[in-house]
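A short write-up of the structure that comes next.
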Amino acid sequence: EKLAALKAKFEEENKELMERLKKVDNPGDARAIQAEMRELATLTAGKVLKVAEENPKDATGLDAAAFIVRAAGGVGAGGDDVAKALGLVAEHHAADAKVKDLLIPAMRLGDSGEKLLKAVAEKNPDKEAKGTALFLRGYRLAQGVD
């Protein structure tokens with residue numbers, strides 16, 4: 001119930017920000033709204049992380065951590081709470097088939113996301129999830145090559 005309430009509140013506030021973003025013409029205003037979106041994702045991550053940490057190994061823990069990864073990855077938010085959520089997924093759910101949907105958002109979350117990609121590449125029995133994780137790890141490495 002806590003998770004559902006937090007998700008609903010986030011989605012409502014994020015929807016308002018998205019509507020504001022669609023209406024702006026000035027790049028400076030757009031950047032300011034995007035910063036608000038990152039802040040909203042970061043603040044929400046702290047609240048949702050508490051739900052994930054209550055039972056990190058069960059489905060609710062995965063759902064809570066996955067929500068953080070998607071929300072943060074969608075806007076490029078980061079921080080300790082996002083890193084902890086990625087760590088929970090990597091530690092307890094790297095072999096879960098549902099994790100495949102988190103790989104692209106995780107790729108956008110820096111070194112913490114890389115840890116999840118590595119864990120999925122090593123532990124997930126699903127060929128598609130493993131292949132996606134390996135591809136994204138390679139893509140990240142290729143981006144860093146001069």
Side-chain angles (χ1 to χ4, degrees), residues 1-23 30-146:
E1 291 177 17
K2 285 184 207 176
L3 180 57
L6 290 167
K7 281 182 175 182
K9 184 176 183 202
F10 172 82
E11 290 169 6
E12 179 183 320
E13 292 176 11
N14 196 53
K15 182 179 177 184
E16 290 174 18
L17 289 169
M18 290 293 290
E19 289 174 9
R20 284 179 41 207
L21 184 61
K22 289 178 186 176
K23 295 177 184 176
R31 284 191 297 274
I33 293 171
Q34 290 167 338
E36 285 183 60
M37 294 170 82
R38 285 189 296 276
E39 184 177 347
L40 174 63
T42 302
L43 292 172
T44 302
K47 296 171 186 172
V48 174
L49 182 63
K50 292 176 184 173
V51 175
E53 289 176 329
E54 287 175 10
N55 295 299
K57 295 179 183 181
D58 72 6
T60 302
L62 174 58
D63 288 345
F67 176 75
I68 294 169
V69 173
R70 284 189 197 101
V75 295
D80 292 341
D81 294 330
V82 174
K84 287 178 186 174
L86 283 159
L88 288 175
V89 176
E91 181 179 349
H92 301 294
H93 304 284
D96 192 309
K98 294 179 185 177
V99 175
K100 180 174 53 178
D101 296 334
L102 303 178
L103 298 177
I104 291 175
M107 179 190 71
R108 298 178 183 141
L109 296 172
D111 292 338
S112 300
E114 174 64 24
K115 290 177 186 175
L116 177 59
L117 293 175
K118 183 178 180 188
V120 172
E122 292 173 355
K123 299 177 184 176
N124 201 301
D126 181 69
K127 289 180 184 180
E128 192 173 331
K130 184 182 287 273
T132 302
L134 289 168
F135 173 80
L136 293 173
R137 289 189 76 206
Y139 178 81
R140 284 195 62 194
L141 289 171
Q143 294 300 309
V145 175
D146 203 6

Looking at [X] and [Y], what are the two nearest heavy atoms and their distance?
{"X": "Ala90", "Y": "Lys123", "result": "O-NZ, 4.0 Å"}
{"X": "Ala64", "Y": "Val51", "result": "CB-CG1, 4.1 Å"}
{"X": "Gly73", "Y": "Arg108", "result": "O-CD, 3.3 Å"}
{"X": "Leu117", "Y": "Arg137", "result": "CB-CG, 3.6 Å"}
{"X": "Val120", "Y": "Ala129", "result": "CG1-O, 3.9 Å"}
{"X": "Ala65", "Y": "Ala85", "result": "CB-O, 3.8 Å"}

Measuring from [X]:[atom1] to [Y]:[atom2], what's the distance to the nearest 0.5 Å?
{"X": "Ile68", "Y": "Leu88", "atom1": "CD1", "atom2": "CG", "result": "8.0 Å"}
{"X": "Asp63", "Y": "Lys98", "atom1": "CG", "atom2": "NZ", "result": "5.5 Å"}
{"X": "Thr44", "Y": "Lys9", "atom1": "OG1", "atom2": "NZ", "result": "7.5 Å"}
{"X": "Leu40", "Y": "Ile33", "atom1": "CG", "atom2": "CD1", "result": "13.0 Å"}
{"X": "Asp58", "Y": "His93", "atom1": "CG", "atom2": "NE2", "result": "7.0 Å"}
{"X": "Arg31", "Y": "Arg38", "atom1": "CZ", "atom2": "CZ", "result": "10.5 Å"}

More than 12 heavy atoms of other residues, nucleotides or ligands under 6.0 Å from [atom1] of [X]: yes or no?
{"X": "Ile104", "atom1": "CD1", "value": "no"}
{"X": "Glu128", "atom1": "CD", "value": "no"}
{"X": "Glu39", "atom1": "CD", "value": "no"}
{"X": "Lys118", "atom1": "NZ", "value": "no"}
{"X": "Asp80", "atom1": "CG", "value": "no"}

Do [X] and [Y] come close enough that some side-chain heavy atom pair is under 4.5 Å?
{"X": "Arg70", "Y": "Asp101", "value": "yes"}
{"X": "Lys2", "Y": "Lys50", "value": "no"}
{"X": "Glu13", "Y": "Leu17", "value": "no"}
{"X": "Met107", "Y": "Phe135", "value": "no"}
{"X": "Gln34", "Y": "Val75", "value": "no"}
{"X": "Leu136", "Y": "Arg140", "value": "no"}

Salt bridge flag under 4.0 Å for residues Arg20 and Glu36:
yes
Is there a side chain to side chain contact (heavy atoms under 4.5 Å, CB included) between Asp126 and Val99 once you walk through the steps?
CA-CA 10 Å; Asp126 181 69; Val99 175; over 6 Å; no
So, His92 side chain and Asn55 main chain: donor-acceptor pair closer than 3.5 Å or not?
no
Leu86 and side chain to side chain contact (heavy atoms under 4.5 Å, CB included): which partner among Asp81, Asp111, Val69, Leu102?
Val69
